[in-house]
J.: 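My questions all concern the structure below.
As the structure is a computational prediction, the values presented were derived from the model and not from experiment. First the proteins, then the strands, lettered A, B, ... as listed; each starts at 1.
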Protein chains: 2
Amino acid sequence: MVKSRSRGSNFDCVTCIMRKRSDWSVLGRDEVTLLANGQSSFSYGSGEPVYSMGESGDGVYCVCSGTVAIRRLDAEGNSVLLQLAYPGDTLGYEAVLTGEPHRCNAEALGPANVCHIKSLTVKELLDKNPNLGLQFLRRTAASLDDAQDKLVHHATLSNRAKLAHLLLILMDRYGRRTADGTSTLHLPVSRRDLASMIGARHETVSRIIGRFESDGIAYFSGRSVRIPQVNALVEEIRPQLVG
Amino acid sequence: MVKSRSRGSNFDCVTCIMRKRSDWSVLGRDEVTLLANGQSSFSYGSGEPVYSMGESGDGVYCVCSGTVAIRRLDAEGNSVLLQLAYPGDTLGYEAVLTGEPHRCNAEALGPANVCHIKSLTVKELLDKNPNLGLQFLRRTAASLDDAQDKLVHHATLSNRAKLAHLLLILMDRYGRRTADGTSTLHLPVSRRDLASMIGARHETVSRIIGRFESDGIAYFSGRSVRIPQVNALVEEIRPQLVG
DNA sequence: GACACGCATTGACTAACGTCAAATTTTGTT
DNA sequence: AACAAAATTTGACGTTAGTCAATGCGTGTC
């Protein structure tokens with residue numbers, strides 16, 4: 001179900017509720033007007049690219065609704081899902097700042113609304129309000145921290161532990177705690193993407209899922225996951241301590 | 001040989017040759033004076049910490065000479081070497097910007113001179129010259145790009161390929177091409193660190209080194225490496241393509 | 001509704017890698 | 001120079017995870 005990208009008119013920065021929770025919250029009243037003038041909003045269908053590796057950055061993107069996947073492909077075509085972007089997140093500013101082409105693909109994981117702010121406007125705003133740049137800097141530093149944490153996990157955890165950890169992270173956004181202490185989770189991504197996020201093959205993920213079910217830790221049905229005790233997942237993360 | 005950190009007086013931002021190649025190159029003349037006033041320079045011995053995880057960021061650090069290793073430890077004490085910092089690199093600004101404690105250790109890998117610029121000065125400079133913040137942002141974005149590339153490699157390459165790749169990267173800075181086409185390389189880090197950089201055990205690295213030697217690709221003696229044909233390392237990186 | 005396609009699961013097998021332990025070398029200290 | 005400590009190498013072994021291949025499942029298309 002891949003609709004083609006369509007221009008939407010429903011989103012306007014001045015009234016946008018996401019703006020207050022985003023990097024753009026540092027802007028003053030007339031700066032927001034400038035932002036609104038340099039902006040266009042688009043609707044995307046599932047799987048549709050927002051931007052692609054190699055394209056030059058003609059502006060930045062701000063997620064208004066939905067989830068956007070940030071991926072990188074290597075020379076052999078392996079796709080790695082690096083990050084999930086949510087409403088309020090700003091994407092693609094690296095390319096605008098450096099003048100280099102985009103290093104990643106950004107793709108809507110479901111119906112999504114994403115606004116585009118053209119480079120000129122971004123540069124004017126950065127110039128007018130230095131806090132915007134500092135805000136981007138804080139955000140980028142947080143992403144770097146996140147990426148470095150992932151590197152540590154890739155270096156020290158088993159695939160099973162990494163999958164448990166990933167499920168816990170996805171729980172934060174997509175999970176729901178039911179009355180009797182069990183939790184449920186609707187996965188935003190396929191098994192293949194799940195696998196690429198932890199640096200494993202999709203067959204391996206299938207097998208780990210099988211073992212989670214045998215061990216009573218998590219039960220999968222399509223993209224729905226039922227987790228009787230969240231704490232059991234936490235236990236999975238620390239390497240086996242003997243004693 | 002761990003000397004204790006000592007205050008040095010040899011380094012002054014106004015005359016510092018590294019400054020022109022660093023983020024601070026965007027500063028104007030009197031801003032450099034402000035920088036020089038908020039700065040103190042220190043000498044470090046091999047293995048000595050510049051700052052440590054958990055400490056609060058009381059300023060940023062600028063490498064004047066030597067190499068500084070950026071590491072992160074996990075809960076079980078595993079150390080992962082995330083990055084090598086070189087003269088001109090600025091460290092530790094994340095902690096200053098966010099107010100959070102340092103998330104990494106920074107440690108001199110050999111004799112090194114590192115200047116400390118106190119938080120107040122950094123904030124004044126960021127305030128006076130917005131280009132400094134943008135410069136930090138560009139640098140951080142580049143680090144993020146680098147970390148994401150590593151994630152892709154961790155997800156898709158074998159340890160052997162990752163080691164070959166790492167050697168090529170280290171060649172850029174520590175390598176020397178001799179007349180007859182062979183190259184030599186003096187490693188700045190131990191085998192353990194080499195292992196942590198590619199997410200493998202040190203025993204595994206030892207064995208890969210053994211195989212590199214059997215295969216005539218690289219010969220190791222302590223921290224010296226001789227590489228007859230650099231191209232042979234490049235070949236190692238791409239997964240076996242069946243022909 | 002039948003079909004095709006991509007995704008997911010499972011099995012059999014193999015290769016890569018980690019673990020534990022011991023021997024050896026290197027490095028730093030006294 | 002002698003010693004102690006740490007790093008490195010090597011071996012034997014077990015486990016994990018990747019590969020190849022076949023089958024099943026689900027979704028969207030015609």
J.: Rounding to a whole Å, what distance do you find between B:L157:CG and C:dA16:P?
T.: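 B:L157 atom CG is separated from C:dA16 atom P by 14 Å.
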J.: If I take atom CG in residue B:N159 and atom P in nucleotide D:dA17, what distance separates them, rounded to the nearest angstrom?
T.: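 Spelled out: CG on B:N159 to P on D:dA17 is 13 Å.
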J.: Indicate the ring-plane relationship of A:F212 and A:F220, choosing parallel, tilted or perpendicular according to the 30° and 60° boundaries.
T.: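 Parallel, since the angle between the ring planes stays under 30°.
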J.: Nearest whole Å is fine: how far is C:dC17 C1' from B:L163 CG?
T.: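 Rounding to the nearest Å, CG of B:L163 and C1' of C:dC17 are 14 Å apart.
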J.: Whole angstroms only, please: what is the CZ-C1' distance between A:R201 and C:dA16?
T.: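 Nearest whole value for this atom pair: 13 Å.
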J.: Under 3.5 Å, side chain of B:K162 to main-chain N/O of B:I198, donor-acceptor pair present?
T.: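 Here the side-chain-to-backbone pair exists.
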J.: Look at A:R103 together with A:E94 and state whether they make a salt bridge at an N to O cut-off of under 4.0 Å.
T.: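 Looking at A:R103 and A:E94, the cut-off is not met.
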J.: All N/O contacts under 3.5 Å from nucleotides 7-10 of chain C to the protein, with atom names and distances to one decimal?
T.:
from, atom 1, to, atom 2, distance (Å)
C:dA8, OP1, A:R191, N, 2.9
C:dA8, OP2, A:R191, N, 3.4
C:dA8, OP2, A:R192, N, 3.3
C:dT9, OP1, A:R191, NH1, 2.7
C:dT9, OP2, A:R191, NH1, 3.2
C:dT9, OP2, A:S206, OG, 2.7
C:dT9, O5', A:S206, OG, 3.4

J.: Taking atom types as modelled, find out whether A:N159 and A:T204 have a side-chain donor-acceptor pair closer than 3.5 angstrom.
T.: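 No, no side-chain donor-acceptor contact under 3.5 Å.
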J.: Can you tell me the distance, in whole Å, between the CZ atom of A:R160 and the C1' atom of C:dG18?
T.: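 Distance, rounded to whole Å: 17 Å.
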J.: Hey, are B:R160 and B:E236 close enough for a salt bridge, meaning a charged N less than 4.0 Å from a carboxylate O?
T.: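 Yes, this pair counts.
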J.: Before accepting this row, confirm whether a basic side-chain N of the pair B:R72/A:D145 lies closer than 4.0 Å to the acidic partner's carboxylate O.
T.: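 Salt bridge present between B:R72 and A:D145.
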